**Q** 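Before I ask anything, here is the structure I am working with.
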Amino acid sequence: MEKNSKVLPLIPLRGIIIFPYMVMHFDVGREKSILALEEAMLNGQEIFLAAQKEAKVEEPDESDIFTTGTICNIKQILKLPGDTVRVLVEGETRAKLKKIVDNEPFFKVEIEALKDEDGSKDSETEALVRSVRKAFDEYVKLSGSIPTETLLTLDDIESPGRLCDVISSYLILKQDKKQELLEAYNIFNRLEQLLVILKNEVDILKVERKIGIKVKNKIDKVQKEYYLREQLKAIQEELGEEDEDKKEINRYKNKINKAKLPKPVKEKALYELDRLRNSGSYSAEGGVIRTYLDWILELPWNVQTEDNIDVRVAREVLEKEHYGLEDVKNRIIEYLAVKKMSNSLKGPILCLVGPPGVGKTSIAKSIAHALNRNFVRMSLGGVRDEAEIRGHRKTYVGAIPGRIIYGMKQAKSKNPLFLLDEIDKMSNDFRGDPKDALLEVLDSEQNNTFRDHYLELDFDLSNVLFITTANTLHTIPRPLMDRMEIIEVSGYTGEEKFNIAKKHLIPKKLEEHNIESNVITISDSAIYCIIDNYTRESGVRSLEREISAVIRKAIAEMVEKDKKKIRITVNQIKKYLGPTIFTYDKANEIDQIGVVTGMAWTGYGGDTLPVEVSVMQGTGKLELTGKLGDVMKESARTGYSYIRANAEKYGIKPNFYKEKDVHIHVPEGAVPKDGPSAGVTMITAMVSALNLTKVKHNVAMTGEVTLTGRVLPIGGLKEKTLAAYRAGINTVIIPKDNEKDLLKIPKSIKNKLNFILAENIDEVLKNALVGK
Ligand code: ADP
């Protein structure tokens, strides 16, 4: 290899490699490069071109540029609009960068040109040359992007080095591969490298071609099937036979005519049928139309069940299937009576609100039964998209109607009882608010023309009896609430649960297992034992589950031990269900200072809530512990301020807030505690601890307190009272304004408790503190 050094301007190339003998143009935009170009034009038109390692780098320095490049001859320069220049160059020889002579205003570098030696060709080189030619030949044929004439021009090239360079300039390769070829100074190595690359590329091209053929075959097959089908149609027509398509169209036509559809629906159906005829049933379009027609045909446009409006029969059914729930039953009877008299169904939607498992869903089912209507249920829990209620437009891939229309299809009549469960668990997001769609569904003025996006037809919902359920009222959107009549279904007392278990749950479970009622019997105390020790809930869902478990275990025992009958007692319950799971707080045994029993209400029912206060020497801090919610903390502070303002009245030193720390603790951290209703409890405990008076152990209390000591009403009185009764309390102090709620408390419990109605905190303290 001959070597000689020279100094030339350099242009760093981005993303391209130029080989010797290659003619190529590229655009130059960087100012430094344009200056280099001008310098070259002034001095013999020679320039050194070397690639940048990273095309992204805007201002490369020495380390960013490959040291091997090509000396090129500038053939032509063309100024383009803007500051760019288009250059046409021809590669001369590869060269190696020795050192940077100048950096500014352009790169000037000392390079060593490396001209290929054309020495004698040994047989090994010759063999390689032939293989390279052959491989390139194949490459050209497979790739299809290089004209085959190129191969002819290669025939004239004698020098193996030049052959490599020319072939390299044709290949479509990644920059680093090309750079490697450029850096192969030794001709034998260059041939070898090129051969490997060519073979590899040829392999890839072969695979690509195979894939291409497969895809093409598939398309051909679809086309072939289409032709064959068309031919078949023609033959069938010739023979006077009906083809499958026509048969299908006729089937739909008959169904549409028979279905007694309302006029606009029928028109739409026939229109779609026409489209089906034209689109051919094997097309994607055909599939969409068929699904749509099926939906239309399956909806109960004109199917109606006959209502039972015999009020007495309805009452019987409701009484038979559910214990208690008087409010709901009465409301339904009222509803029926009105209907019978006026023959109109319009009226507010019923909304049953109450904790889980109190029978909201199952009483709705009973109502359907009593009215002789079909029953459908749809849960709104987690629905957050309007389209879930109202459907997606047909243009969406895989579109279906919304849940209301889906429910109507299941109902199979246009006047079912439609239960919308968990209306309080609905939410919304960016896709629209389901509430708005639901408003329309529930509005008796509008719902005779409910329009589903998918159906694009009005459906009459005005004959549907909608009933909704919710766990709480707080999260029901206001506009929805305004359309509904709220019926609260509160939790059950132990006695009510006992009756439900005895009269409904146990017979139901026995029947499910196909067992006569005298084969397995459960003693009353055993039922109470399950209620008190294995469940803690407002409703009866766990109770139902535990009863199932007991009955299953009893059956297993009967089969295993070959018994004919079994009587389940408390002992058996313990054996079947394991150690007791729940115990309720019992009231304090003795009067104590600073310890008061409050009453709390949670989603799972009521519970007692003991509050403890301790007072110590200090600097006037108020400490609150026991995982209290914010509202509860605030009501503790309000109470503290009230006591400071009225200290003397309660025999407390007026400057206690400077010398004493007060610590309020609400034990049993597992139950989240919040709400204002522990106000009276905390004040009573603080006063007791500060003036050292004992609190009566058998008193429980609830009520919110204002800064001036007024006692405000609270919610959940029934649940709270039940809990106090369970805990063995006999006096309950409640806000005067809650007097009306006493009506809801079962007599059996009301008679055993002494209720004190308090208007202000003084009345509470008078009744709670010993000796006041
Ligand atoms: P909810 O809908 O309120 O969560 P469910 O209707 O699912 O409750 O009731 C749970 C189970 O309890 C059902 O099997 C139901 O029959 C039974 N149940 C609830 N309350 C009563 C009742 N008052 N009389 C008879 N069975 C009841």
Side-chain angles (χ1 to χ4, degrees), residues 314-333 349-370 375-382 407 417-426 465-473 475-476 484 486-513 517 522 527 530-531 534-552 601-606 716 718-719 722 744-746 748-749:
R315 171 76 81 181
E316 250 170 51
V317 173
L318 292 178
E319 291 298 343
K320 197 170 139 242
E321 294 179 5
H322 282 86
Y323 176 89
L325 298 173
E326 294 308 327
D327 282 354
V328 191
K329 289 177 186 167
N330 288 338
R331 183 65 190 79
I332 294 303
I333 297 300
I349 311 291
L350 299 185
C351 176
L352 308 176
V353 182
V358 292
K360 299 182 296 295
T361 313
S362 75
I363 187 95
K365 227 182 258 176
S366 282
I367 295 171
H369 186 190
F375 176 80
V376 264
R377 170 172 177 247
M378 164 183 137
S379 175
L380 291 170
L417 189 155
F418 202 132
L419 183 71
L420 297 166
D421 242 345
E422 305 194 307
I423 198 164
D424 55 332
K425 307 255 166 32
M426 211 166 54
L465 173 57
F466 285 105
I467 293 186
T468 62
T469 78
N471 288 142
T472 78
L473 285 177
T475 47
I476 303 182
M484 301 189 297
I486 308 291
I487 299 180
E488 288 199 48
V489 189
S490 47
Y492 295 118
T493 62
E495 214 170 309
E496 283 169 329
K497 287 184 187 173
F498 169 78
N499 279 311
I500 294 173
K502 193 154 172 117
K503 297 194 181 127
H504 296 276
L505 302 179
I506 297 172
K508 188 163 91 184
K509 292 292 149 193
L510 288 178
E511 201 181 308
E512 271 173 28
H513 291 98
S517 60
I522 306 182
I527 298 175
I530 304 177
I531 294 170
Y534 294 91
T535 66
R536 173 173 278 191
E537 56 177 350
S538 296
V540 291
R541 217 174 262 169
S542 317
L543 179 60
E544 186 173 2
R545 218 174 26 239
E546 298 300 338
I547 287 176
S548 279
V550 167
I551 291 179
R552 273 199 317 271
W601 182 79
T602 67
Y604 301 98
K718 181 178 169 194
E719 267 83 5
L722 295 183
K744 290 189 199 149
I745 298 173
S748 59
I749 288 187

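In this text the structure is predicted, and so the values were computed from the model without any measurement. Atoms within each ligand, like the ligands themselves, are counted from 1 in listed order.
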**Q** Specify the protein heavy atom at minimum distance from atom 24 (N) of ligand 1: its residue, its atom name, and the distance to 0.1 Å.
**A**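 Closest protein heavy atom to atom 24 (N) of ligand 1: Tyr323 N, 3.1 Å.
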
**Q** Restricting to non-hydrogen atoms, name the atom on Ala501 and the atom on Ile547 that form the minimum distance, rounded to 0.1 Å.
**A**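 Distance-wise, the nearest heavy atoms are CB-CD1, 3.8 Å.
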
**Q** What's the shortest distance from atom 6 (O) of ligand 1 to any protein heavy atom, and which residue and atom give it?
**A**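 Result for atom 6 (O) of ligand 1: Ser362 N, 2.8 Å.
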
**Q** Under 3.5 Å, N or O to N or O, is Leu505 touching ligand 1 that way?
**A**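 Among all N and O atoms of Leu505, none is under 3.5 Å from an N or O of ligand 1.
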
**Q** Return the residue, atom name and 0.1 Å-rounded distance of the protein heavy atom closest to atom 11 (C) of ligand 1.
**A**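 It is Glu544 OE1, 3.0 Å.
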
**Q** Considering Gly359, Gly324, Pro355 one by one, which has a heavy atom nearer to atom 5 (P) of ligand 1 than any of the others?
**A**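 Result: the heavy atom closest to atom 5 (P) of ligand 1 is in Gly359.
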
**Q** Output the distance between atom CG (Asp421) and atom CD1 (Ile467), rounded to the nearest 0.5 Å.
**A**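 Between atom CG of Asp421 and atom CD1 of Ile467 there are 11.0 Å.
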
**Q** Can you check whether Lys360 has an N/O within less than 3.5 Å of an N/O in ligand 1?
**A**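 The answer is yes, given that Lys360 and ligand 1 share an N or O pair closer than 3.5 Å.
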
**Q** Run the salt-bridge test on Lys320 and Glu316 with the 4.0 Å N-O cut-off and return the result as yes or no.
**A**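 Not counted as a salt bridge, because no side-chain N and carboxylate O are separated by less than 4.0 Å.
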
**Q** For Thr361, which part has a heavy atom under 4.0 Å from ligand 1: side chain, backbone, both, or neither?
**A**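 Both parts.
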
**Q** Considering distance alone, does some N or O of Val540 sit under 3.5 Å from an N or O of ligand 1?
**A**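 There is no such contact.
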
**Q** Any atoms of ligand 1 less than 4.0 Å from a non-hydrogen atom of Tyr492? List them with their elements.
**A**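 Reading through ligand 1 atom by atom, the close ones are 20 (N), 21 (C), 22 (C), 23 (N).
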
**Q** Which option, Lys365, Lys497, His504, owns the non-hydrogen atom nearest atom 25 (C) of ligand 1?
**A**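 Result: the heavy atom closest to atom 25 (C) of ligand 1 is in His504.
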
**Q** Any chance you could measure Ile363, atom CD1, to Thr469, atom OG1, to the nearest 0.5 Å?
**A**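 Separation between the atoms: 13.0 Å.
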
**Q** Glu496 and salt bridge (charged side-chain N to carboxylate O under 4.0 Å, His left out): which partner among Lys718, Lys502, Lys503?
**A**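 Of the listed options, the one satisfying the test is Lys718.
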
**Q** Val358 heavy atoms, cut-off 4.0 Å: which ligand 1 atoms fall inside?
**A**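 Matching atoms, with element in brackets: 3 (O), 8 (O), 19 (C), 20 (N).
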
**Q** Starting from atom 22 (C) of ligand 1, find the nearest protein heavy-atom neighbour and note its residue, name and distance.
**A**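 Nearest neighbour among protein heavy atoms for atom 22 (C) of ligand 1, to 0.1 Å: His322 CD2, 3.5 Å.
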
**Q** Out of curiosity, is Pro356 lining ligand 1, as in a heavy atom under 4.0 Å away?
**A**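 A heavy atom of Pro356 does come that close to ligand 1.
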
**Q** Looking at every heavy atom in both Lys497 and Gly539, which two are closest together, and how far apart are they?
**A**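 Of all heavy-atom pairs spanning Lys497 and Gly539, the closest is CE-O, 3.5 Å.
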
**Q** Please work out whether any backbone atom (N, CA, C, O) or any side-chain heavy atom from C-beta onward of Lys503 is under 4.0 Å from ligand 1, and answer side chain, backbone, both or neither.
**A**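 Looking at Lys503 and ligand 1, no heavy atom falls under 4.0 Å.
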
**Q** Which one holds for Glu496 and ligand 1: side chain close, backbone close, both close, or neither close, with close meaning a heavy atom under 4.0 Å?
**A**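 For Glu496, there is no contact with ligand 1 at all, from either part.
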
**Q** Find the distance between CD1 (Ile500) and CG (Leu543) and round it off to the nearest 0.5 Å.
**A**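 Here the interatomic distance stands at 8.5 Å.
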
**Q** Less than 4.5 Å apart, any side-chain heavy atom of Ile476 and any of Met484?
**A**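 Ile476 vs Met484: side chains touch.
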
**Q** Count the heavy atoms belonging to other residues, nucleotides or ligands that lie under 6.0 Å from NZ of Lys365, then report whether that count exceeds 12.
**A**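 It does not: Lys365 NZ has 12 such atoms or fewer within range.
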
**Q** Can you check whether Asp424 reaches Leu473 side chain to side chain, under 4.5 Å on heavy atoms?
**A**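 Not touching, per the 4.5 Å side-chain cut-off.
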
**Q** Tell me which part of Leu325 gets within contact of ligand 1: side chain, backbone, both or neither, using heavy atoms under 4.0 Å.
**A**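 Under 4.0 Å from ligand 1, Leu325 contributes side-chain atoms alone.
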
**Q** Do Glu511 and Lys508 meet the salt-bridge criterion of a basic N to acidic O distance under 4.0 Å?
**A**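 Answer for the salt bridge query: no.
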
**Q** Considering non-hydrogen atoms of the protein only, which is the closest contact for atom 26 (N) of ligand 1, and what is the distance?
**A**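 Result for atom 26 (N) of ligand 1: Ile500 CG2, 3.7 Å.
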
**Q** Give yes if a backbone or side-chain nitrogen or oxygen of Arg541 is under 3.5 Å from a nitrogen or oxygen of ligand 1, and no if not.
**A**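 N/O-N/O distance under 3.5 Å: yes.
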
